[in-house]
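The structure appears below as structure tokens.
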Amino acid sequence: MRIYQMYIKNERQRRLFEMSERLANKAQERGELAEKMAELSVDMIEDFRRENFFSMTLPKTLGGEGLSLYEFLLIQERLAVGDGATALSVGWHLGIIKELAEEQIWQPEIFEKFAKEVVEKQVIVNRIASERATGSPTRGGIPETRAVRQGDHYYLSGRKTFCTMASVLDYYIVSAYVEDKDAVGSFLVKSHSPGISIEKTWDTLGMRGTGSDDVIFDQVEVDLEMLVELNNQANPRKAKGWLLHIPACYLGIAIAARNEAIQFAKSFKPNSLKTSIAEVPHIQQKIGEMDLKLMQARSFMYQIATEWDNRTPEGRQEISAELAAVKTVATNVANEVVDLAMRIAGGRGLSKENRFEQFYRDVRAGLHNPPMDDMVIQILAKRALSE
Ligand SMILES: Cc1cc2nc3c(=O)[nH]c(=O)nc-3n(C[C@H](O)[C@H](O)[C@H](O)COP(=O)(O)OP(=O)(O)OC[C@H]3O[C@@H](n4cnc5c(N)ncnc54)[C@H](O)[C@@H]3O)c2cc1C
């Protein structure tokens with residue numbers, strides 16, 4: 001389909017795209033159950049394991065595919081056309097692995113051991129940082145989860161919210177206030193460690209299949225070297241290209257809504273017309289608007305991803321405002337496109353018999369993934385005023 005072809009530029013990308021398409025079709029089939037149960041199924045994870053999907057963002061030297069940011073977004077966007085919740089979920093894992101490998105944030109021996117497990121066993125990980133009182137970690141609040149050192153171990157206690165894939169993850173990267181360092185740090189913790197429990201709190205309007213439940217830590221014993229990150233001044237925050245998996249996901253949902261709306265417009269022939277509604281001016285207006293919006297948002301996203309891939313690590317810091325802007329543009333455009341698709345579908349769009357109502361609910365969640373719109377606008381304003 002032309003909407004996909006224009007961003008596939010070589011044979012490697014075609015191969016990656018086709019793999020993603022296979023998985024997207026499976027995710028679409030299984031997505032219905034994930035949506036009902038409000039959690040990602042183990043079977044879905046196994047589909048991805050069989051394709052060695054979870055090691056794709058590791059460099060080839062460590063046994064991965066060495067996906068560029070552009071390639072990562074290409075597969076994520078296509079996955080989300082199949083099922084948005086699945087794409088967002090696995091996107092966290094792939095993105096985190098990409099960042100860890102490229103930024104060398106952890107001690108090399110710890111990361112290499114972990115990377116080996118990712119390649120050989122296709123284990124999956126996610127950062128769990130949000131909390132009720134602290135809210136989004138991007139606001140800079142100190143976590144209420146505490147790590148207290150006793151002898152050769154830390155003991156972690158606290159509750160994390162919005163933990164995507166909570167029940168199927170092998171590892172959590174848990175943020176906590178580390179008392180003896182007087183700093184916020186992150187621990188790599190096995191998900192089945194004693195003292196960890198999951199509370200099924202994820203009963204949301206959209207992105208239900210992500211199973212983003214609460215995870216509770218009650219005096220969880222962790223080895224000292226599993227304090228893998230410390231956010232102090234020696235470790236400043238860097239631009240995060242990998243977070244573009246979020247806009248790719250929501251644009252994928254919008255593409256799915258656009259495709260189904262066009263399909264519907266071509267096939268629906270009410271008895272008040274001699275043709276299908278695809279011939280009606282106001283329907284054509286909406287279809288044109290959907291494509292215009294998608295063109296703008298997608299070309300912006302893929303252009304910034306290409307910039308990221310072509311730049312040095314220092315040069316990448318200069319486009320951090322653009323990275324943030326892509327997220328705001330894409331998630332808002334995705335909401336607008338799905339809204340237009342719903343208007344084309346008419347009242348049928350409200351029925352659970354069609355996918356439109358799920359797109360409408362899922363796409364809304366994008367507004368609450370980082371960075372939030374108000375922060376992005378502020379970043380742009382501050383940069384403009386500082387020039
Ligand atoms: C589908 C989905 C999956 C997610 N997966 C994960 C995950 O895997 N791991 C994870 O850690 N998190 C995850 N999150 C959580 C996400 O990153 C946010 O933490 C969460 O959505 C709460 O965002 P919020 O803006 O409502 O938070 P809050 O910070 O609680 O904000 C609530 C309101 O207060 C305002 N506000 C709060 N603080 C400030 C401030 N300092 N200045 C100005 N305004 C403020 C906000 O703008 C907002 O209007 C996920 C969220 C969603 C929707």
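Both ligands and their constituent atoms are indexed starting at 1 by order of listing. Treat the numbers as computed from the prediction; the structure is a model and nothing was measured.
- When distances from atom 9 (N) of ligand 1 to the protein are checked, a heavy atom turns up under 4.0 Å.
- Distances from atom 48 (C) of ligand 1 to the protein include no heavy-atom value under 4.0 Å.
- The environment of Glu353 atom CD is sparse: at most 12 non-hydrogen atoms of other residues, nucleotides or ligands sit within 6.0 angstrom.
- For ligand 1, the atoms lying closer than 4.0 Å to a non-hydrogen atom of Pro370 are 17 (O).
- The side chain of Leu88, and not its backbone, has at least one atom closer than 4.0 Å to an atom of ligand 1 (non-hydrogen atoms only; side chain from C-beta on).
- Proximity of His368 to ligand 1, defined as any heavy-atom pair under 4.0 Å, is shared by backbone and side chain alike.
- At least one side-chain heavy atom of Cys249 sits under 4.5 Å from a side-chain heavy atom of Met207.
- The distance criterion of under 3.5 Å between nitrogen or oxygen atoms is not met by Thr161 with respect to ligand 1.
- For atom 1 (C) of ligand 1, a protein non-hydrogen atom is found at a distance below 4.0 Å.
- In the candidate list Arg139, Gln378, Met372, Arg139 is nearest to atom 37 (C) of ligand 1, counting heavy atoms.
- The protein heavy atom nearest to atom 13 (C) of ligand 1 is Phe162 O, 3.2 Å.
- Residues meeting the side-chain hydrogen bond (donor to acceptor under 3.5 Å, both in side chains) test with Ser89, sequence neighbours left out: none.
- Looking only at protein heavy atoms, the nearest one to atom 52 (C) of ligand 1 is Asn369 ND2, 3.3 Å.
- Contact annotation for atom 31 (O) of ligand 1: protein absent (non-hydrogen atoms, distance under 4.0 Å).
- Looking only at side-chain heavy atoms (C-beta outward), Asn332 and Asp373 come within less than 4.5 Å of each other.
- Side-chain contact between Ile173 and Phe187 is absent, with no heavy-atom pair separated by less than 4.5 Å.
- Counting heavy atoms only, Ser130 comes closest to atom 12 (N) of ligand 1 of the residues Ser130, Ala129, Gly84.
- Inside a 4.0 Å radius of atom 26 (O) of ligand 1 there is not any protein heavy atom.
- Close placement of the Phe114 and Trp106 rings is indicated, their centers lying within 6.0 Å of each other.
- Within the 4.0 Å heavy-atom cutoff, Thr138 does not count among the residues contacting ligand 1.
- Hydrophobic clustering (ILVMFWY, side-chain heavy atoms < 4.5 Å, transitive): Trp242 and Phe162 are in distinct clusters.
- Ring planes of Phe17 and Tyr4: tilted class, angle from 30 to 60°.
- Residues Leu88 and Tyr250 have side chains in contact (heavy-atom distance under 4.5 Å, counting atoms from C-beta outward).
- When side chains are defined from C-beta on, Glu103 does not count as touching Lys98, because their heavy atoms never get closer than 4.5 Å.
- Counting only heavy atoms, the protein gets under 4.0 Å from atom 15 (C) of ligand 1.
- The one candidate from Phe48, Phe72, Phe54 that meets the ring-ring contact (aromatic ring centres under 6.0 Å, His included) condition with His93 is Phe54.
- Atom 35 (C) of ligand 1 is not flagged as protein-proximal [any protein heavy atom, distance under 4.0 Å].
- Counting heavy atoms only, Thr164 comes closest to atom 4 (C) of ligand 1 of the residues Ile246, Asp374, Thr164.
- Near Arg127, meaning under 4.0 Å from one of its heavy atoms, ligand 1 places the atoms 7 (C), 8 (O), 9 (N), 10 (C), 11 (O).
- Aromatic ring orientation, Phe359 versus Phe356: perpendicular (interplanar angle above 60°, classes split at 30° and 60°).
- With a heavy-atom cut-off of 4.0 Å, Lys160 does not touch ligand 1 at all.
- Here's the thing with Asn126: one of its N/O atoms is less than 3.5 angstrom from an N/O atom of ligand 1.
- Side chains of Asn335 and Tyr360: a donor-acceptor N/O pair is absent below 3.5 angstrom, by distance only.
- Among protein heavy atoms, atom 29 (O) of ligand 1 sits closest to Ser136 N, 3.0 Å.
- Near Gly135, the atoms of ligand 1 lying under 4.0 angstrom from a non-hydrogen atom of the residue are 28 (P), 29 (O), 30 (O).
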